[in-house]
2 protein chains.
Amino acid sequence: MTGGRPRSETSRLAILDAARDLLLERGYERLTIDAIATRAGVGRQTIYRWWASKSAVVADAALEGDLAPPLVPPPDTGDIETDLRGWLRAWTHRLTTAESTGFILALTAATADDRAIADILYDRFTRPHEQLLRDRLELARVAGQLAPDAPVSTIAGVLIGSMLYRVLSRQAPPTADDADLVVGLVFHGSGNRGRRTGI
Amino acid sequence: MTGGRPRSETSRLAILDAARDLLLERGYERLTIDAIATRAGVGRQTIYRWWASKSAVVADAALEGDLAPPLVPPPDTGDIETDLRGWLRAWTHRLTTAESTGFILALTAATADDRAIADILYDRFTRPHEQLLRDRLELARVAGQLAPDAPVSTIAGVLIGSMLYRVLSRQAPPTADDADLVVGLVFHGSGNRGRRTGI
DNA sequence: CGATTCCGAGACAAACCGTCTCGTAATCGA
DNA sequence: TCGATTACGAGACGGTTTGTCTCGGAATCG
């Protein structure tokens, strides 16, 4: 039951590296299993043996490669707004590098292609970042820096979603200023009642 | 210069209809020009003559078919928050039908695939809706219902982007409650200073 | 050492691609 | 009315990619 030649870690890494490189060179649509196998110096069957689809390979490559923003919790200086401002600035900056943008576009195509891949990517890429935000926001809420009924999950989703939307629309990518504006918005709103002046 | 057989409107519509149907049946990745031509009862060359790529056909099909939410301006009752709440609820509802969701996923894949398509879709689909929001928000700002320095464009982007993000992540689709929460957030914020209580 | 499992390589049929070429159909200007 | 022009449906063509299968060899276990 247990014997036999073990899976080659060398081949596995070569495949993921090749997929990562070709993804950035060609984009998801023009990425082929054939090209991955050739560049990795691997038989095509070795890919088909371990992954069910192109999108599955891409998902693994993205998560094992250095393409996703690092999972860094927001600091806790006691000032929630400053902490989140800095965090969202850095996160947005990581998102807007050429590599990350290509990677996000490719993964979004994979997401549209395959529901299972969408779940994997959300679980392993987006959700952890949202969770870090939620945790920090919950701390602030308990500390009385947010309204007691502040919709913590919604806020986290708005911060992440707004920036990702800007990347996906492929128009003006989000800047540090954009991050600041969104953070200011979710904390102070824009209504003319109950708003600190001078931001 | 001018003579010759004119372009067949019948074939054009048959192609767009076939593309639309196949898009929803199979998704973007598994949609082929071949299948579109066959279902439309049309030669493959007739498609290649008028469209440059699969994504171009899909973009036209989506915009001519009934897949995009209708372009309805937010009402102006004088109460910006109520107006936007209703508008975003309706917009979100349209977005979360099975047809619209499939269409958005397919178009997002096309967007990732092709920069030119991204521009076309943003210009003809997303931007007009954002513009309607911006216009209504600007009216409110001038009327003193928003802070004088309210970042009108950012607000519009946050409203649209947050909802689209929820659709694209393919986890819990956005509900009317989510729309309400986001509208409340951008108007009142969630900070514990300068916030109306009881929402 | 023998059983087992993976390996790289490549043959194979099927699908789709984008281009090209038919013969025909529709519209224009003369 | 008639020739020039352009689009049409159909399908042939070579090229690429797909996913499956098979081969001989390599690695690991008991």
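Residue numbers start from 1 in every chain, and the chains themselves are labelled A, B, ... in the order their sequence lines are given, proteins ahead of strands.
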**Item:** Step-by-step side chain to side chain contact (heavy atoms under 4.5 Å, CB included) determination, A:R115 to B:R170
**Value:** CA-CA 8 Å; A:R115 174 58 199 264; B:R170 305 189 72 172; 3.7 Å; yes
In whole angstrom, give the distance that lies between atom [atom1] of [X] and atom [atom2] of [N].
| X | N | atom1 | atom2 | value |
| --- | --- | --- | --- | --- |
| A:I36 | D:dG19 | CD1 | P | 11 Å |
| B:I15 | D:dA7 | CD1 | C1' | 12 Å |
| B:R7 | D:dG9 | CZ | P | 11 Å |
| B:E29 | D:dT18 | CD | P | 10 Å |
| B:I33 | D:dG9 | CD1 | C1' | 16 Å |
| B:W51 | C:dG18 | CH2 | P | 15 Å |
| B:L31 | C:dA15 | CG | C1' | 14 Å |
| A:R30 | D:dT16 | CZ | P | 17 Å |

Please determine whether a side-chain nitrogen or oxygen atom of [X] lies at a distance below 4.0 Å from atom OP1 or OP2 of [N].
| X | N | answer |
| --- | --- | --- |
| B:S8 | D:dA7 | no |
| B:W50 | D:dC8 | yes |
| A:S11 | C:dC6 | no |

**Asked** Name the one of A:T175, A:D177, A:D180 that satisfies side chain to side chain donor-acceptor pair (under 3.5 Å) with A:R89?
**Response** A:D180
**Prompt:** At under 4.0 Å between heavy atoms, what does B:D34 touch on the DNA or RNA strands: base, sugar-phosphate, or nothing?
**Reply:** sugar-phosphate
**Complete:** Here the pair of heavy atoms bringing A:S153 nearest to A:R134 is OG-CD, 3.2 Å
**Message:** Is it the case that the side chain of B:T82 and the backbone of B:D79 share a donor-acceptor pair, with hydrogens and angles ignored and the cut-off at 3.5 Å?
**Reply:** no
**Prompt:** Judged by atom type as modelled, is there a donor-acceptor pair below 3.5 Å linking the side chain of A:R136 to the main-chain atoms of A:P75?
**Reply:** yes
Collect all protein-nucleotide pairs involving nucleotides 19-25 of chain C in which both atoms are nitrogen or oxygen and the distance is under 3.5 Å.
{"unit_1": "C:dC20", "atom_1": "N4", "unit_2": "B:Q45", "atom_2": "OE1", "d": "2.8"}
{"unit_1": "C:dA25", "atom_1": "N3", "unit_2": "B:R5", "atom_2": "NH1", "d": "3.4"}

**Item:** 5' priority, DNA chain C, between B:A52 and A:R12 [closest heavy atom]
**Value:** A:R12
**Item:** Residue met sooner reading DNA chain C from 5', once B:P6 and B:T32 are mapped to nucleotides
**Value:** B:T32
**Check: B:D119/A:Q171 side-chain N/O donor and acceptor closer than 3.5 Å** = yes
**Message:** Quiz question: by atom type and distance under 3.5 Å, do the side chains of A:E130 and A:Y122 form a donor-acceptor pair?
**Reply:** yes
